[in-house]
Amino acid sequence: MLGGSVNAATLYRVRFGHYPDKIRAVFDFDDGFTYESEESKDKIVLRFKDIDAGKQIESYVELNDLIVRYFEIERDGEDLKVTIPLSEPIEYNIFYLNYPPRLVVDFGREYLNITYGGTVAPGIEHLEVKKGIQSGQIKANVLRVNLDQASVRPALARKQKSNLVDSFINIIMPWTRPTAEREHFYLDKVNNIVDENGGIAGINGTFFASTGSPLGALMIDREIVSSPIYDRTAFFLDENNTPYIDNIFVSSYFYTANRTRYKITGINQGRGSSDTIMYTPVWGESTGTNQQGIEIVVSGSKITKINVSNSNIPQDGYVISVSGPQVEVFSESIKVGERVDTAIKIIPYTTSPKNIVNLISGGPRILKHGRVYVSKHEERFKMDIARGRAARTAIGLTKDHRLLLVTVDGRPRRKKLRQKNHVSIGASLEELSNLMISLGAVDAMNLDGGSSSTMVIKGKSINQPTAGYQRRVSNALIVQAKEKELK
């Protein structure tokens, strides 16, 4: 028992209620009382004047809630003092009720706590974010980039040198060697991709297949790497380093000497049974195709060779590989030495960039002109991305053209990691939209997430990947300090 004075009112019970939008604490008294409150962002102190505590009132009351973990109740002279530490700077409401006399404290569950993590380099800042919602807490990391002082561009994972273990496995299990398509794109950790491209920080990029092939449009330093899917949202930069977020489609054709136009159905991807695929040097040394088609090798805008399959790709040109019904017609209309013209144009839906230099697609779009706009159905995303909460990676643009690169931590996959007070619940696309608004974004899009979500700064992983380690990915967005580029 905490003790008290004779004939004083008594606090005989403390009750709690947990609701989706709040926690309610109720202090029940057997008679009228007066109180004072001392309030700050990290604690509330209640002083009940000339009050006793009932025998059942404990001096330490544990709630184990994310916001309010415990109460401390103690005598302070003739008064009863209740100290309530707050884990986050939340909104709360304290009010008195009669019949019976009681004091009620409602603690909100929504909050936003942005901590400055420091300057990574001129024009590159790191922020740590905790956002409370009704379902729990979202933890995020943010790179805020001033494009007047820093640059951002996509980069591919590079082929890693084989070690002795890899060589031994290839000898005893030759069937595990990479297929022809797998040999053209690779997987690596984000920190390695950033380091190899001279970056100081970065995040994972767009979706990719198990072979490493990007799933969506990708352009690096004016060179198109891959084609878009369903005209999905993309982030891109023009020659003035102006950033954009918009849906895009790519118009791709080539013309033979007699001005016959053929549509290019894909760029740097496996050729199907009825395709016209363009292979550029980024694909590798050769196309790796089968003999069920025809290929023209173009160097300096002229046809240098005509092959059936697996053509070498010239460094100053490309290969057009055709399969299906068009093969016979196509083979009769081309000759070595003739000119071939290619027209590949990236067409944004609503914006007008001046000569796109770098581009990475993803999706869906989650913010448009400052409002939540989740285009998951229009862009035909499957349920594993469109619904539910997960670790997320996103790009946002502020009104003053600052770039926001964001990763949201999700629930760890391994039970052992969940026991280490890892409280981030991940985010739905709608929750991600609202988080981006809180950070000042007016336009934003989603990138690959889940176990791929990774942010690195100066060679170290800053976020907490759901697998407990960095997943190997196909591509990343690299952040570079301009002062480093000038040295």
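Here the structure is a predicted model, which means the values were calculated and not measured.
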Peer 1: Here's a test for you: under side-chain contact (heavy atoms from CB on, under 4.5 Å), which of Ile224, Val225, Asn268 qualifies with Leu218?
Peer 2: Val225
Peer 1: Taking all heavy atoms of Tyr92 and all of Glu39, pick out the closest pair and write down the distance.
Peer 2: OH-CB, 3.0 Å
Peer 1: Check step by step if side chain to side chain contact (heavy atoms under 4.5 Å, CB included) holds for Glu128 and Asn141.
Peer 2: CA-CA 5 Å; Glu128 296 177 339; Asn141 283 274; 3.8 Å; yes
Peer 1: Evaluate Asp148 against Lys482 for salt bridge (Lys or Arg N to Asp or Glu O under 4.0 Å), listing each step before the verdict.
Peer 2: CA-CA 9 Å; Asp148 292 330; Lys482 285 189 175 180; 5.9 Å; no
Peer 1: Of all the heavy-atom pairs spanning Arg102 and Asn98, show the shortest one and how long it is.
Peer 2: NH1-O, 3.2 Å
Peer 1: Has Ser433 got a side-chain atom pairing as donor or acceptor with Ile366's backbone, closer than 3.5 angstrom?
Peer 2: yes
Peer 1: Give the intermediate values and the outcome of side chain to side chain contact (heavy atoms under 4.5 Å, CB included) for residues Asn463 and Thr454.
Peer 2: CA-CA 6 Å; Asn463 69 319; Thr454 307; 4.1 Å; yes
Peer 1: With a 4.5 Å cut-off on side-chain heavy atoms, are Lys131 and Val408 touching?
Peer 2: no
Peer 1: Using atom types as modelled and distance alone, determine if a side-chain donor or acceptor of Gln470 lies under 3.5 Å from a backbone N or O of Val190.
Peer 2: yes
Peer 1: Mind jotting down which residue pairs meet the ring-ring contact (aromatic ring centres under 6.0 Å, His included) criterion with at least one end in residues 364-404? Sequence neighbours excluded, please.
Peer 2: Phe207-Phe381
Peer 1: Using 4.0 Å as the upper bound for N to carboxylate O, is an ion pair formed by Asp188 and Arg472?
Peer 2: no
Peer 1: Write down the atom of Asn475, the atom of Pro214, and the distance for their closest heavy-atom approach.
Peer 2: ND2-CB, 4.5 Å
Peer 1: So, Gln56 side chain and Tyr12 main chain: donor-acceptor pair closer than 3.5 Å or not?
Peer 2: yes
Peer 1: Do Asn446 side-chain atoms and Ala394 backbone N/O form a donor-acceptor pair below 3.5 Å?
Peer 2: no
Peer 1: For a 4.5 angstrom cut-off between non-hydrogen side-chain atoms, does Leu187 reach Arg471?
Peer 2: no
Peer 1: Would one find more than 12 heavy atoms of other residues, nucleotides or ligands at under 6.0 Å from atom NZ of Lys376?
Peer 2: yes
Peer 1: Please confirm whether the backbone N or O of Leu237 pairs with a side-chain atom of Asn241, one donor and one acceptor, at under 3.5 Å?
Peer 2: no
Peer 1: For Tyr244, give me all partners under side chain to side chain donor-acceptor pair (under 3.5 Å), at least two apart in sequence or on another chain.
Peer 2: Asp238
Peer 1: Determine, step by step, whether Thr242 and Asn240 satisfy the side chain to side chain donor-acceptor pair (under 3.5 Å) criterion, reporting the C-alpha distance in whole Å, the side-chain angles of both residues, the deciding distance to 0.1 Å, and the verdict.
Peer 2: CA-CA 5 Å; Thr242 303; Asn240 295 325; 5.0 Å; no
Peer 1: Do Arg47 and Glu36 meet the salt-bridge criterion of a basic N to acidic O distance under 4.0 Å?
Peer 2: no
Peer 1: Under a 4.5 Å cut-off applied to non-hydrogen side-chain atoms, are Phe107 and Ile44 in contact?
Peer 2: yes
Peer 1: Give the C-alpha distance, both sets of side-chain angles, the deciding distance and a yes or no for side chain to side chain contact (heavy atoms under 4.5 Å, CB included) between Val250 and Ile347.
Peer 2: CA-CA 6 Å; Val250 176; Ile347 305 173; over 6 Å; no
Peer 1: Are Glu378 and Tyr230 close enough, and set up right, to give a side chain to side chain donor-acceptor pair (under 3.5 Å), and what steps lead you there?
Peer 2: CA-CA 9 Å; Glu378 298 96 311; Tyr230 303 131; over 6 Å; no
Peer 1: With side chain to side chain donor-acceptor pair (under 3.5 Å) as the criterion, how do Asn204 and Ser452 come out once you've worked through the C-alpha distance, each side chain's angles and the decisive distance to 0.1 Å?
Peer 2: CA-CA 7 Å; Asn204 65 291; Ser452 294; 5.1 Å; no
Peer 1: Under 3.5 Å, is there a donor on one side chain and an acceptor on the other for Arg389 and Ser135?
Peer 2: yes
Peer 1: So which atom in Leu112 and which in Ser438 form the shortest heavy-atom distance, rounded to 0.1 Å?
Peer 2: CD2-CB, 3.6 Å
Peer 1: With sequence neighbours left out, write down each residue that passes side chain to side chain contact (heavy atoms under 4.5 Å, CB included) with Asn355, or none if nothing qualifies.
Peer 2: Arg222, Glu239
Peer 1: Below 4.5 Å, heavy atoms only, C-beta onward: do Ile267 and Ser226 meet side chain to side chain?
Peer 2: no
Peer 1: Just wondering, do Leu477 and Ile395 contact through their side chains at under 4.5 Å, heavy atoms?
Peer 2: yes
Peer 1: Restricting to side chain to side chain donor-acceptor pair (under 3.5 Å), what partner residues turn up for Thr351, sequence neighbours left out?
Peer 2: Asp246
Peer 1: How about Asn191 and Ser461: does a side-chain donor come under 3.5 Å of a side-chain acceptor?
Peer 2: no
Peer 1: With a 4.5 Å heavy-atom cut-off, do Ile425 and Arg411 have their side chains touching?
Peer 2: yes
Peer 1: Taking only residues two or more places apart in sequence or in another chain, which ones pass ring-ring contact (aromatic ring centres under 6.0 Å, His included) with Tyr99?
Peer 2: none
Peer 1: If the condition is side chain to side chain contact (heavy atoms under 4.5 Å, CB included), which residues does Ala234 pass it with, not counting sequence neighbours?
Peer 2: Phe236, Ile248, Leu359, Ser361
Peer 1: For Ser453 and Thr393, does a side-chain donor sit closer than 3.5 Å to a side-chain acceptor?
Peer 2: yes
Peer 1: Which residues pass the side chain to side chain contact (heavy atoms under 4.5 Å, CB included) test with Arg153, sequence neighbours left out?
Peer 2: Ala155, Asn197, Ile220, Asp221, Asn358, Gln480
Peer 1: To check you understand the geometry: which heavy-atom pair defines the closest contact between Glu431 and Ala427, and what is its length?
Peer 2: OE1-CA, 3.5 Å
Peer 1: Determine whether a donor-acceptor pair (N or O, by modelled atom type, separation under 3.5 Å) exists between the side chain of Arg158 and the backbone of Glu196.
Peer 2: yes
Peer 1: Among residues at least two apart in sequence or on other chains, which ones pass salt bridge (Lys or Arg N to Asp or Glu O under 4.0 Å) with Asp28?
Peer 2: Arg13, Arg15
Peer 1: For Tyr349, enumerate each residue passing the side chain to side chain donor-acceptor pair (under 3.5 Å) test, keeping only those at least two apart in sequence or located in another chain.
Peer 2: Asp231
Peer 1: Salt bridge or not for Asp195 and Lys189, using N-O below 4.0 Å?
Peer 2: no
Peer 1: Which atom pair, heavy atoms only, marks the closest approach of Ile193 to Leu156?
Peer 2: CG2-O, 4.0 Å
Peer 1: Among all residues two or more places apart in sequence or in another chain, which pass the side chain to side chain donor-acceptor pair (under 3.5 Å) test with Arg402?
Peer 2: none
Peer 1: Please identify each residue that fulfils side chain to side chain contact (heavy atoms under 4.5 Å, CB included) with Glu110, with sequence neighbours left out.
Peer 2: Gln134
Peer 1: Using atom types as modelled and distance alone, determine if a side-chain donor or acceptor of Ser87 lies under 3.5 Å from a backbone N or O of Leu66.
Peer 2: yes
Peer 1: I would like to know whether Ser227 and Gln269 meet side chain to side chain contact (heavy atoms under 4.5 Å, CB included); could you show each step before the answer?
Peer 2: CA-CA 9 Å; Ser227 306; Gln269 63 190 59; 4.1 Å; yes
Peer 1: Sequence neighbours excluded, which residues qualify as ring-ring contact (aromatic ring centres under 6.0 Å, His included) partners of Phe29?
Peer 2: Phe33, Phe48
Peer 1: Start with the C-alpha distance between Glu379 and Thr233, add both sets of side-chain angles, then the distance that settles side chain to side chain donor-acceptor pair (under 3.5 Å), and finish with yes or no.
Peer 2: CA-CA 8 Å; Glu379 298 186 29; Thr233 307; 2.5 Å; yes
